[in-house]
Amino acid sequence: MNNNGNTNAGMGLHSNSQGFDKAFLEQLQDVYDAETQLLTALPKMQQAASSQKLKQIFQQHLQVTERQRQRLEQVFQAIGQPAEAKTCPAMRGLIKEAEEIMQKQGQDPEVLDAALIGAAQKVEHYEIATYGTLRTWAQVLGHQQAITALEATLEEEKQADQLLTSAAEHNINQRAAES
Ligand SMILES: [Fe+2]
């Protein structure tokens, strides 16, 4: 009776862990696509930005994003799966919002910068949520290498968010000084 119970519990855990492995893989494929989409959006945002500080942030984050994409390939490898992308509709929507901001004609450059910062922070917050989830799942599943890699990216996204916050403050201060 006891043995039976234990066996069943064991089987339950096993099938749950398989479901989690699949969910983990799907989230990885989603964020792999999200980072790829961002690689094409960031240069456009860099070009549209007026302030040198903001241009520099976008330029730096482009390099960081390239590294993060490679880091995801290492995670796929660590769990023995091919690096495949699955369309991330959320990132598509976030980038569409950024494009709408850039397409508006005759904008005050400081207002445009503020709107670009806002769009970029939405992207960062989305990525922070995704990498936070992936990191936790990697811990639950015991994917040691993945934990380290996902943690590193999570920290980089948080840093990017903070840089954007300081750029927003700088932008507003500049505007106040000019008026
Ligand atoms: Fe990223």
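Both counts, for ligands and for their atoms, begin at 1 and track the order of listing.
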Side-chain H-bond candidate by donor/acceptor type, D33 with Q37, under 3.5 Å: yes
Got a sec: is [X] within less than 2.8 Å of the Fe ion (ligand 1) via an N/O/S atom?
{"X": "E124", "value": "no"}
{"X": "E157", "value": "yes"}
{"X": "Q68", "value": "yes"}

Only pairs under 3.5 Å count here: list side-chain donor-acceptor contacts from residues 52-59, not counting sequence neighbours, and write none if there are none.
unit_1	atom_1	unit_2	atom_2	d
K55	NZ	Q46	O	3.1
K55	NZ	Q47	O	3.3
K55	NZ	A49	O	3.0

Pair listing, salt bridge (charged side-chain N to carboxylate O under 4.0 Å, His left out) test, anchored in residues 119-143, at least two apart: E97-K122, R135-E151
Note: K96-E99 ion pair, threshold 4.0 Å (strictly below): no
